[in-house]
Amino acid sequence: MSDNSLPRLSRFFIIFVCILQGFLTYISHHSSSGSLLLQPSTFLYWQALLLVLPLVFAFTIVRLKDRFLWQNLAICLLVILLTTTWVYWNVEGVDNVSQYDGVVVPYLCSLCVLVFIALPWLQTRIKNKQWNVSYATIYDHLCINAITVILTLLLIILFWGILWLCVELFKQLNIHFFHHLFFRNNLFIYTINGFLIGVGIRTCRLQTHLMKALRNLLTIMVKGLLPVLSFVALIFITTLPFVGLNALSSAWSPSALLMTMVVLLITATNIVYKSGLKVQPYPTPVRFMVNASLLVLPLYAGLALYAISIRVNEYGWTPVRVWGYLVIIMSVLFSCSYAIAVTRSRRTWLHPLGMINRVLLPGCVALLILANTPLIDPYRISVNDQMNRYLASKVDADNLDLSLLRFKTGKRGQEALMFLYQDASFISNTQRKQRLEKIMAEHNRWEVNRAVDDLKDIHPKLTLDYVQKKLVLAKNTLKPEAAWWAILQSNPQVDIDLCLRDSDVCIINSLDLNQDGIYEYLLCHIERGSDISCHVFAKQGEEWKNIGHAYFPPKTVNVAYFERALREGNVKTRHKPWLDAEVGHEPVKIYYPEAE
């Protein structure tokens with residue numbers, strides 16, 4: 001059943017604005033580098049504006065002439081301009097994409113969360129012409145918005161799934177036109193996604209009765225799951241004293257798991273709370289168990305705070321830890337408030353919960369805005385802390401996280417790397433200076449196998465001669481020809497940088513593995529405490545190729561004996577007792593894992 005209160009013109013503009021969002025996003029990502037959209041000073045603004053304003057418009061519009069609609073958009077515009085200006089300052093002058101994305105992607109994600117939390121107030125302001133409305137109204141919008149997002153994403157997945165099926169069917173007929181049309185045409189991809197977003201939002205806004213039915217169905221399902229979640233929360237917290245907090249401190253990241261429990265309990269409680277205002281939602285024993293789980297929520301938040309404090313004390317602040325700390329702080333406020341709500345509820349279950357949420361949810365919005373301003377800047381906090389720990393000798397120079405400074409902290413991290421490059425104490429170690437110069441030359445955080453020749457201008461020692469000196473030739477092994485060294489430097493399966501570390505050793509042996517009278521080369525990399533890897537290089541025609549490899553952990557061999565045997569050239573071929581087969585003239589490769 002449709003809600004016809006949304007005028008036809010507004011329905012049209014919902015879809016039109018979303019299509020325009022997709023089209024402008026395509027233009028901003030694919031226009032020429034000299035255009036206005038792709039100027040470094042404007043591109044980030046376009047990204048933020050195109051992400052937020054069309055969605056706020058589509059979710060809140062009732063009538064185009066409504067002044068509250070345009071006031072809401074103006075408020076959003078002001079917030080975007082203020083926060084984006086600061087974020088742009090953080091990435092101004094950075095010289096690689098990963099360094100830019102390390103700051104911008106978290107910012108855009110925080111904008112999405114901010115808009116999702118703020119939307120109910122923007123919607124009620126248009127509908128009720130005021131900011132101050134009941135929590136029931138806020139909850140209705142929040143829940144329906146969440147369902148709208150889920151259904152719209154499902155629509156997008158199903159649509160592209162159908163197009164993929166179409167493409168695969170026509171591929172069977174050797175027709176590739178649809179593949180290029182649907183999956184190689186960026187204009188089509190961006191605009192059709194915008195159209196689907198508009199259709200999803202428009203449909204959900206019109207089908208109000210259906211959305212309420214889905215919300216009620218969700219409430220019934222969560223109502224059955226909340227006691228289970230509460231039981232898990234209680235048995236964990238009662239088991240913890242017998243195990244001790246050391247079990248948490250030894251875990252890699254317990255804060256994330258603890259916060260997941262807090263968020264799930266808070267969310268589930270809010271969904272059930274809507275149905276529990278007038279009548280008690282559970283029998284008395286079950287309700288006591290749910291209430292008890294809410295009373296121990298501050299313990300979960302406190303444990304998460306304790307766990308992340310240990311990580312900060314050991315390794316210092318990083319942007320991820322700053323964001324995590326802000327989330328935990330909000331969870332502490334929610335948890336303590338919900339525990340108070342349990343103690344103050346007499347006749348009505350969790351009666352103060354509505355008032356609590358009306359205060360804390362806007363607080364989340366304010367915190368997200370502040371986190372993208374100079375007041376709470378994760379990148380300033382992280383870089384200053386990491387550098388202060390280094391200068392105070394709390395962290396060894398060899399253990400300083402250069403990758404964090406290079407790719408995740410914007411221009412402050414870049415400035416910190418330049419400081420280290422001019423620090424005589426840091427660059428006094430040749431290997432450390434080489435590692436710093438290497439990471440300063442990388443353009444993304446996944447670039448772990450740069451060709452050594454690319455670094456000649458940065459470090460004179462990183463030449464072919466230097467690599468040849470670092471690799472060990474086994475006894476009676478002739479030095480490989482230049483073509484072999486060239487393929488070694490550019491082979492994606494062999495990380496030659498590992499061989500340049502002082503703690504590792506790479507040994508070259510020559511042996512005839514296929515009994516054709518021509519030697520192949522066996523290159524073995526030995527790293528203490530990590531996997532041992534060996535690669536086989538054979539000359540096929542005029543080109544050397546990596547044709548085989550072996551990996552095994554050090555615990556499977558005597559590492560010292562293994563290294564000594566390699567250095568002495570004590571390497572021989574070994575015939576396999578189980579052979580392959582040939583059916584007619586067709587070779588059949590047979591693997592014998594049990595026999596080996």
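Every residue meeting the side chain to side chain contact (heavy atoms under 4.5 Å, CB included) condition with Ile237, not counting sequence neighbours, appears here in chain and number order: Val296, Leu299, Tyr300, Leu303. Annotation: ring pair (Phe, Tyr, Trp, His ring centres under 6.0 Å) contacts of Phe59 (sequence neighbours excluded): none. Not counting sequence neighbours, the partners of Leu297 by the side chain to side chain contact (heavy atoms under 4.5 Å, CB included) test are Val262, Leu265, Ile266, Leu294, Ser335. With sequence neighbours excluded, no residue forms a salt bridge (charged side-chain N to carboxylate O under 4.0 Å, His left out) with Asp385. Partners of Asn384 by side-chain hydrogen bond (donor to acceptor under 3.5 Å, both in side chains), not counting sequence neighbours: none found. Shown here are the ring pair (Phe, Tyr, Trp, His ring centres under 6.0 Å) partners of Trp317, two or more places apart in sequence or in another chain: Tyr325. Residues forming a side-chain hydrogen bond (donor to acceptor under 3.5 Å, both in side chains) with Tyr45 (at least two apart in sequence, or on another chain): Thr85. In this view, Asp66 and Lys129 satisfy the salt bridge (charged side-chain N to carboxylate O under 4.0 Å, His left out) rule, not counting sequence neighbours. For Cys143, the side chain to side chain contact (heavy atoms under 4.5 Å, CB included) partners are Tyr139, Ile147, Arg215, Leu218, not counting sequence neighbours. Residues passing the salt bridge (charged side-chain N to carboxylate O under 4.0 Å, His left out) test with Lys65, sequence neighbours excluded: none. Every residue was checked against the salt bridge (charged side-chain N to carboxylate O under 4.0 Å, His left out) condition with Asp401, not counting sequence neighbours, and none meets it.
Tyr135 and Asn357 share a side-chain donor-acceptor pair at under 3.5 Å. Side-chain contact check for Asn193 and Tyr26: no donor-acceptor pair (N or O, by modelled atom type) lies under 3.5 Å. Residues Ser110 and Asn372 bring a donor and an acceptor atom of their side chains to less than 3.5 Å of each other.
No donor-acceptor pair under 3.5 Å is formed between the side chain of Arg63 and the backbone N or O of Leu69. The main-chain N or O of Phe419 is never found under 3.5 Å from a side-chain atom of Asp423 such that the two would form a donor-acceptor pair. Between the side chain of Arg406 and the main chain of Ile439, a donor-acceptor pair closer than 3.5 Å is present. Using a distance-only test at 3.5 Å, with no hydrogens or angles considered, a donor-acceptor pair links the side chain of Ser255 to the main chain of Ala304. For the pair Ser10 (side chain) and Val62 (backbone), a donor-acceptor distance under 3.5 Å is present. Side-chain atoms of Gln414 never come within 3.5 Å of backbone atoms of Thr409 as a donor-acceptor pair (strictly under, hydrogens ignored). The closest donor-acceptor contact from the side chain of Arg321 to the backbone of Gly316 lies under 3.5 Å. Side-chain N or O atoms of Thr343 include one that pairs as donor or acceptor with a backbone N or O of Ile340 at under 3.5 Å. Counting only distance, with no hydrogens or angles, the side chain of Gln123 and the backbone of Thr60 share no donor-acceptor pair below 3.5 Å.
The aromatic rings of Phe426 and Tyr390 sit perpendicular to each other, their planes meeting at more than 60°, with 30° as the lower class boundary.
Heavy-atom neighbours of Phe16 CZ from other residues, nucleotides or ligands within 6.0 Å: at or below the threshold of 12. Heavy atoms from other residues, nucleotides or ligands lying under 6.0 Å from CH2 of Trp164 number 12 at most.
The two residues Pro319 and Ser382 come nearest to each other via the heavy atoms N-OG, 2.9 Å. Heavy-atom minimum distance, Lys223 versus Pro281: CE-O, 3.0 Å. The shortest heavy-atom contact between Cys76 and Val52 is CB-CG1, 4.5 Å. Closest of all the heavy-atom pairs between Glu437 and Tyr421 is OE2-OH, 2.8 Å. Among all heavy-atom pairs drawn from Gly363 and Met330, the shortest one is C-CE, 4.3 Å.
When ring centroids are compared, Trp160 and Phe183 come within the 6.0 Å threshold.
Two residues are said to be in side-chain contact when any heavy atoms from C-beta on lie closer than 4.5 Å; Asp377 and Pro374 fail this criterion. Tyr306 is not listed as a side-chain neighbour of Leu258, based on a closest heavy-atom distance of 4.5 Å or more. Looking at Leu154 and Leu158, their side chains come closer than 4.5 Å, going by heavy atoms from C-beta outward.
Taking OH from Tyr273 and CH2 from Trp349, the interatomic distance works out to 9.5 Å, rounded to the nearest 0.5 Å. Note: Ile19 CD1 to Leu196 CG = 9.5 Å, rounded to the nearest 0.5 Å. Once rounded to the nearest 0.5 Å, the distance linking CD1 of Ile156 with CG of Leu151 reads 11.5 Å. For the atom pair CG (Leu55) and CD1 (Ile14), the distance works out to 11.5 Å, reported to the nearest 0.5 Å.
Pairs engaging residues 70-83 under the side chain to side chain donor-acceptor pair (under 3.5 Å) rule: Gln71-Arg125, Asn72-Arg125, Thr83-Tyr107 [sequence neighbours left out].
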